[in-house]
Amino acid sequence: MGFQGDEESSAPRVSSKSQFRFNSPLVQVFLIGLVCFCCPGMFNALSGMGGGGQMNTAVADNASTALYTTFAIFGIIGGGVYNILGPRLTLFAGCITYVLYAGSFLYYNHFKDQTFAIIAGAILGVGAGFLWAGEGAIMTSYPPPDRKGTYISIFWSIFNMGGVVGGLIPFILNYHRTTASSVNDGTYIGFMCFMSIGALISLAILPPSRVVRDDGSRCTNITYSSVSVEFVEILKLFLNWKMLLIVPAAWSSNFFYTYQFNNVNGVLFNLRTRGFNNVFYWGAQMVGSVGIGYILDFSFKSRRTRGLFGISLVALLGTGIWAGGLANQLRYSRHNVLDKLDFKDSGSDFVGPFFLYFCFGLLDAMFQSMVYWVIGALADDSETLSRYSGFYKGVQSAGAAVAWQIDTHHVSFMSQLVVNWSLTSLSYPLLGFLVFFAVKEDKKPTDETCKEANSCIS
């Protein structure tokens, strides 16, 4: 028997009137946002510095390849693990692997041996698969169907505040180290402290059977799961036409990180300025997620129309930003590297590349929030959505593993940019097709359903 049946029988009888109840979708999404603030948020800040805060990017490239290789596998099966173990064990197991990964770079600072970092990366891939499958299930299934964009933007804003704070850590601690080749020990220790707090917060997440929406409905009617059921259902995803249409978007959504982190932020700016840039990169993500969340929930009455409009808007913005990236990339290459820019000393030369990097963060949040909204619109129960989210993260991580190895093999910056631009551009019409043919209009619960649900929780 899985976690849901056990929790269902012991679920407390509570009022569903306040949004700020501990078992409300809003509070639970807020908590999963805090978990991701502390763990993936700090990981993003670490990666965003380029080379994991090291001048030699090879260690981060190889560790990231190991990470995303295992992530690709365990991301796909993570939804099944979530359905069997429940959110607390799944998320906690995922969180503690982030602490180990940050610790491996602290070790590398002293011993310059990649082995620990690569092993820690592979272990983090397993944990990240668990965490993100659980996060995807919570974020897409707990909110009311007509407010999923809003809740996704709330989550994404809290999560990316972790990147903002995480960007401040290396910026402040390395402010006077303008010629340093790697960040100091305190930077990695700071990341580890935040990640440990995230692991503790994950224990406060409730299973879907105990989360009650304001209308009295619960987030799932599934009572149990098993290894055999999950194995079969996960295999079916590879023949599911809806999931196949999401593949290009999933593949590209972390593929561009390598180019942006290593070959824009890492190549063009000095160490302290990378941390400064990351504060604004992840801050832009908060702005982007709120903007696209509002559009996907409130721009039109029809949910299908909102989805198509949101995809079109992101496509238009993405085309403009990647065009700006092309103009920037024409100025330098692997064999023609420019002098490092500093946010204080480089004057107007700093502004253009900085603004481009800011826009990359804006686009990332809008793109991924849009994809999550589409996934959330395909179903309502957490069991199905945990599998869909796991599939998305698995494919996403496979793309990231390839991207980090492409960089390790010194593929030209221009080639990486063209591939990234092409993959994201391919995603838009496929997502539009999926929304048009698979997304149904919002359905409010009937009075009978609400009365029945309220009678169970009053």
Side-chain angles (χ1 to χ4, degrees), residues 44-45 47-50 156 160 163-164 167 248-249 251-270 273-292 295 309-343 346-371 399-400 403 406-407 411-429 431:
N44 284 345
S47 299
M49 289 186 294
W156 209 261
N160 284 299
V164 173
W251 185 276
S252 62
S253 58
N254 270 14
F255 197 89
F256 49 61
Y257 279 162
T258 308
Y259 173 77
Q260 294 174 4
F261 294 161
N262 279 7
N263 304 329
V264 178
N265 199 32
V267 168
L268 294 180
F269 304 96
N270 65 13
T273 305
R274 291 186 229 166
F276 176 85
N277 292 347
N278 274 339
V279 172
F280 289 91
Y281 180 93
W282 301 113
Q285 298 237 358
M286 298 168 65
V287 175
S289 63
V290 170
I292 194 65
I295 288 168
F309 179 72
I311 292 169
S312 300
L313 183 64
V314 175
L316 182 64
L317 184 65
T319 300
I321 291 173
W322 282 112
L326 174 62
N328 178 68
Q329 188 58 71
L330 290 171
R331 303 184 306 114
Y332 69 101
S333 67
R334 285 194 185 275
H335 307 293
N336 180 30
V337 179
L338 304 175
D339 292 337
K340 300 285 187 182
L341 296 169
D342 183 83
F343 77 101
S346 297
S348 59
D349 292 339
F350 167 76
V351 176
F354 166 78
F355 182 69
L356 173 66
Y357 193 63
F358 175 90
C359 289
F360 277 146
L362 187 77
L363 178 62
D364 177 27
M366 296 183 74
F367 188 88
Q368 292 211 56
S369 296
M370 171 190 70
V371 178
I406 286 174
D407 194 54
V411 173
S412 72
F413 297 158
M414 182 63 72
S415 296
Q416 292 187 46
L417 181 145
V418 170
V419 170
N420 280 307
W421 192 355
S422 300
L423 283 171
T424 52
S425 297
L426 174 63
S427 304
Y428 302 124
L431 289 173

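Worth saying up front: this structure is predicted, and the values here are computed from it rather than measured.
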Only one of S422, S427, S253 passes side-chain contact (heavy atoms from CB on, under 4.5 Å) with P248; say which it is. S427
Member of V419, V411, V418, L417 meeting the side-chain contact (heavy atoms from CB on, under 4.5 Å) criterion with S415: V411
Look at atom CG of N336 and say whether more than 12 heavy atoms of other residues, nucleotides or ligands are closer to it than 6.0 Å. yes
Got a second to check how far [X]'s [atom1] is from [Y]'s [atom2], nearest 0.5 Å?
X: F350; Y: F269; atom1: CZ; atom2: CZ; answer: 5.5 Å
X: I406; Y: Q416; atom1: CD1; atom2: CD; answer: 6.5 Å
X: F354; Y: C359; atom1: CZ; atom2: SG; answer: 9.5 Å
X: L363; Y: Q368; atom1: CG; atom2: CD; answer: 10.0 Å
X: L356; Y: N328; atom1: CG; atom2: CG; answer: 5.0 Å
X: F255; Y: Q260; atom1: CZ; atom2: CD; answer: 12.0 Å

Does the pair I295 and L313 meet the rule for a side-chain contact (heavy atoms from CB on, under 4.5 Å), with working shown? CA-CA 9 Å; I295 288 168; L313 183 64; 3.2 Å; yes
What heavy-atom pair brings [X] and [Y] nearest, and what distance separates the two atoms?
X: A284; Y: L362; value: O-CD1, 3.4 Å
X: T258; Y: A403; value: OG1-CB, 3.5 Å
X: A365; Y: S289; value: CB-N, 3.9 Å
X: P353; Y: L268; value: CB-CD1, 4.0 Å
X: P429; Y: L426; value: CD-O, 3.3 Å

Within the 3.5 Å criterion, strictly below it, is a donor on [X] or [Y] matched to an acceptor on the partner's side chain?
X: N278; Y: Y357; answer: yes
X: T273; Y: N270; answer: yes
X: D364; Y: Y257; answer: yes

Looking at [X] and [Y], would you say the former's side chain and the latter's main chain have a donor-acceptor pair under 3.5 Å?
X: S346; Y: F343; answer: no
X: N160; Y: W156; answer: yes
X: Q329; Y: Y332; answer: yes

May I ask you to decide if the ring planes of F280 and F276 are parallel, tilted or perpendicular, using 30° and 60° as cut-offs? tilted
Find out whether Y281 and F261 are in side-chain contact, i.e. whether some heavy atom of one side chain is under 4.5 Å from a heavy atom of the other. yes
Kindly list each side-chain donor-acceptor pair under 3.5 angstrom involving residues 314-326, sequence neighbours excluded, with atom names and distances?
{"residue": "T319", "atom": "OG1", "partner": "A315", "partner atom": "O", "Å": "2.8"}

Between V164 and Q285, is a side-chain contact (heavy atoms from CB on, under 4.5 Å) present by the stated rule, with each step listed? CA-CA 10 Å; V164 173; Q285 298 237 358; over 6 Å; no
Take D349 and L338 through the side-chain contact (heavy atoms from CB on, under 4.5 Å) test and state the conclusion after the steps. CA-CA 11 Å; D349 292 339; L338 304 175; over 6 Å; no
Ring pair (Phe, Tyr, Trp, His ring centres under 6.0 Å) with Y428: which residues, sequence neighbours excluded? F367
